[in-house]
Amino acid sequence: MVKYLNRRKMLAIGASALAATKIPGLALAKQADGSFELRAAKNPKKLAGSNFAASDLWLYNGESPGPEIRLKQGQRAQIRFINELDQPTSVHWHGIRIDNAMDGVSGLTQDPVAPGGTFDYDFVVPDSGTFWYHAHHSSWEQVARGLYGPLIVEEANPVVDRRHDFTLVIDDWRLADNGDLHLPSFGSLMDWSHAGRLGNWLTVNGQSQPRFQLNAGENYRLRLINASNARILKIDLKAMDAELLGTDGFLFKKPRTAPSGHVDIAPAQRLDLLINPQRPDNNSQVFPLQEISAGEPLKIADFVVANSKTTRQIKPTILPQNDIEPASIGDAIRVPLLMTGGAMGQLDNITYQGNLLERSDLQRTKQLWAFNGTANLAGSPLFAVKRGQSVVLEAENQTAWPHAMHIHGHHFQILSRNGVHLQNKDWRDTFIIDRDEKVVVAFVADNPGKWLLHCHMLEHAAAGMRTRFDVA
Ligand code: C2O
Ligand code: CU
């Protein structure tokens, strides 16, 4: 077993070093020719506080998270990517219904960008919302070392103004006793066959327990992004009196009251919230953002509410919608996706690169999970359709673990879970599927190209949970 610091103990040590932090106002430096430059490089950084060791992080433009890229809906992004790492990489724009050639999947939509190489990403963002970008080459290591950042696409008429719009990128790092990123466990068969690389140190915008200043009575939009390799964040909204605005970049038609318990945010998922803090009794008041996946509440950020002269703002009642067509279920093709493998699951009957794996192959191939019996991309796609075809994907999780299934290039609606139809058919690009669960999702395959479909628990993807589909 990997030995690493208990995150509660760690937080207690780290907390004293904290100062109140400002709202992150990250912006990508614009070059003279109107394009952006994004640079991946090694950047040692202290994650746990000044008393601890610096971690060997790999970052975009030297920041953790990478710079916030902000665009307007319909805008064209021109981003020159420069690889200063000593291994190949590529950049994926997660959740964007993007031109396939710009999807950034190394080995499928582009060649990996070699060390010292560059790649010009050039695409239009059709949808507004909360998205993110991350490395898509050895993601299990590159994302865990920090190669990700937020990508925000603003509506023509935003829900709140820029000063009330906060992005909170949450990551779950695994640190060693000295506060350094735990390196020996990278690629561990234990993680790959179980829940993935779970960490012990949660950061929000690269900081431990940052504070955000709010004015009483004003509407704030919080954009939560889970950049963790494997942890399903369980966010406790009790203290916040929050309303839910949307998931995975797409807003609901109307704000929704938050459930009384917690909300799950799987790796790669996003959740947009609206809060309007009450006037404090004293001059100021603090409330926490709490994460409870370890069984007890863990404070990951604070909101400091100050009195203001503003009379309480009315919350929005209707929300801007992206233009997307629901699937036509009657004409849809049905695609079964049987998920098997992993610890405590069936490790036999997995085909990899055309061969049936033996138990003795395990150490060598590290392929442990399968979709429809095949690990890590079959010779032929999971399905191939003409553009405009409706697709109903019927996923069945026969493993002993939950997964976070991501479809590239498309958003889908969840129709049912275990045969129970869902009332709210929210748009998503990543869905959670529990052990023994059946989840049915539907979408129109309207974006031509070769698209990946994989578990976003990045160790699971590396260990077999990847397939693809083709749209002609
Ligand atoms: Cu966010 Cu294929 O990934
Ligand atoms: Cu998984």
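Along the sequence shown, the residues carry numbers beginning at 1. Ligands are counted one by one from 1 in listed order, and the atoms in each one are counted from 1 as well. Remember, predicted model here, so these are calculated numbers, not experimental data.
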Task: Parallel, tilted or perpendicular: rings of His92 and His134 (30°, 60°) - done: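 Plane angle over 60°, so perpendicular.
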TODO: Could you tell me how the ring of Tyr148 sits relative to the ring of Trp132: parallel (under 30°), tilted (30 to 60°) or perpendicular (over 60°)?
DONE: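 Perpendicular, since the angle between the ring planes exceeds 60°.
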TODO: For the Cu ion (ligand 2), count the protein N, O or S atoms found under 2.8 Å away.
DONE: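 Of the protein's nitrogen, oxygen and sulfur atoms, 3 lie under 2.8 Å from the Cu ion (ligand 2).
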Backbone N/O of [Y] and side chain of [X]: donor-acceptor pair under 3.5 Å:
X: Asn205; Y: Val169; result: yes
X: Arg145; Y: Asp56; result: yes
X: Ser128; Y: Glu155; result: no

TODO: Find the distance between CG (Asp236) and CD (Glu296) and round it off to the nearest 0.5 Å.
DONE: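 It is 13.0 Å, given to the nearest 0.5 Å.
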TODO: Please name the pair of heavy atoms, one in His411 and one in Asp248, separated by the smallest distance, quoted to 0.1 Å.
DONE: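 So the two residues come closest at NE2-O, 2.9 Å.
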- [ ] For Phe371 and Met465, work out which heavy atoms get closest and say how close.
- [x]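 Heavy atoms of Phe371 and Met465 come nearest at CE1-C, 3.3 Å.
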Open item on the list: I'd like to verify the contacts: list protein N, O or S atoms under a distance of 2.8 Å from atom 1 (Cu) of ligand 1.
Closed with: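 Per the 2.8 Å query on atom 1 (Cu) of ligand 1, atoms found are His94 ND1, His134 NE2, His456 NE2.
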Open item on the list: Within a 6.0 Å radius of atom CZ on Arg256, are there more than 12 heavy atoms belonging to other residues, nucleotides or ligands?
Closed with: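 More than 12 heavy atoms, drawn from other residues, nucleotides or ligands, come within 6.0 Å of this atom.
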